[in-house]
Structures are given as C-alpha cells and as structure tokens.
Amino acid sequence: LRAATVGEMRGVAKTIGVEKAADLDEFLATFDVAASVFVPRSLMEFEINRIDDRSYEVSFQRCFVHENITKAGIADHYVCAVFDRVAGWHDSLGLPLAEEPAALPCAKAQGKECRRTMTIQ
C-alpha cells in the first residue's frame, strides 16, 4: 500500500502545483486535498492537529477500513495499513517520517481510540 500511495500523492501534488512540501504546513495542506480525493469524509472521519514544526496528531473517529474488516470477520487479525498510506504520502512529498509507522492491530477493533502522532525527520 505504501508504494502505491506514493504515486497517488504525486498525482494530487502535481495537480495543485506542489513538487515537494517545503514544510509541515505545506504537507498538511496537500494531505487535506489528497484525503478529500482518496478518503473523503463519507468514508473516514478524522482530525489532524498540528503539535509543532515537525509533528502532528491524527485521530480517526470513523474508518471505512475498520468497518470493512469487521464485516469481513477479520478484525481480530488485521494489521492496520492506514498509516502506511500516510507514510507513502510523506515519502512522495519529500518529508519522510522520523520513525516508520508501527505495524499494529486495528485500534478500533480492539475497542481503543485510533490516534497516532507523526513526526517528520
């Protein structure tokens, strides 16, 4: 998924005139456009809160992936790939993450809040 999302972000970035994100603010603005295309609010409800010049927090209130893995009966064994998409978007825009997103089970499937802090290098 991560490799595929590099390409999807390149297309969005090219359309809006961004080759590489100059900083976290430009990344987050481009993220917002890409999210409206690839994961619109009808599929995912989430908030992004900027923490500082290098970090932001993403929290998901509703996630179509969680809904579908639950319907499919695989939620107990599914490793979340949502943050792999986010990492691919970082790769595409030249602002790699300081740490690879951990491969974790779906938080929502475990009855937990889905929230992660992302930090750029």
How about Glu45: does its CD atom have over 12 heavy atoms from other parts shown lying under 6.0 Å from it? yes
Side chain to side chain, Arg85 and Met9, heavy atoms closer than 4.5 Å: no
Indicate if Val6 and Val33 have the same hydrophobic cluster label, given that clusters are the connected sets of ILVMFWY residues with side-chain heavy-atom separations under 4.5 angstrom. no
Main chain of Phe64, side chain of Asn68: is a donor-acceptor contact present, judged purely on distance under 3.5 Å? yes
I'd like to check the salt bridge (charged side-chain N to carboxylate O under 4.0 Å, His left out) partners of Asp23; sequence neighbours left out, ordered by chain and number. none
Less than 4.5 Å apart, any side-chain heavy atom of Thr117 and any of Ile51? yes
Quick one: does any side-chain atom of Lys112 pair with a main-chain N or O of Cys106 as donor and acceptor, under 3.5 Å? no
Closest non-hydrogen atoms of Ser36 and Pro40, given as atom of the first, atom of the second and distance, are O-CB, 3.7 Å
His90 (side chain) donor-acceptor with Leu95 (main chain) under 3.5 angstrom: yes
Do other residues, nucleotides or ligands put more than 12 heavy atoms under 6.0 Å from the CD atom of Gln121? yes
Looking at Glu100 and Arg2, is there a salt bridge between them, counting it only when a charged N and a carboxylate O are closer than 4.0 Å? yes
Sequence neighbours excluded - salt bridge (charged side-chain N to carboxylate O under 4.0 Å, His left out) pairs with any residue from residues 53-73: Arg50-Asp53, Glu57-Arg115, Arg62-Glu67
For the CG atom of Leu97 and the CH2 atom of Trp89, what is their distance to the nearest 0.5 Å? 13.0 Å
Side-chain contact, heavy-atom cut-off 4.5 Å: Val79 with Leu104? no
Hydrophobic cluster membership, with links at side-chain heavy-atom distances under 4.5 Å among I/L/V/M/F/W/Y: are Phe31 and Leu43 in one? yes
Looking at Gly88, is its backbone amide N or carbonyl O close enough to the side chain of Ser92 to form a donor-acceptor pair, meaning the two atoms are under 3.5 Å apart? no
If I compare all heavy atoms of Pro101 with all of Phe83, which pair ends up nearest, and what's the gap? CG-O, 3.6 Å
Interatomic distance, Cys80 atom SG to Lys108 atom NZ [nearest 0.5 angstrom]: 11.0 Å
Taking the inter-plane angle between the rings of Phe60 and Phe46 on a 0 to 90° scale, is it parallel (under 30°), tilted (30 to 60°) or perpendicular (over 60°)? tilted
Taking C-beta and beyond as the side chain, do Val82 and Met44 meet within less than 4.5 Å on heavy atoms? yes
Determine whether Leu93 and Glu26 make a side-chain contact, defined as any pair of heavy atoms from C-beta on separated by less than 4.5 Å. no
As a test of understanding, state which of Leu24, Asp25, Thr30 forms a side-chain contact (heavy atoms from CB on, under 4.5 Å) with Phe27. Leu24
Hey, does Ile48 have a side-chain heavy atom less than 4.5 Å from the side chain of Leu28? yes
So, do Ser55 and Met118 sit near enough that their side-chain heavy atoms are less than 4.5 Å apart? no
Is there side-chain contact between His66 and Tyr78, with heavy atoms separated by less than 4.5 Å? no
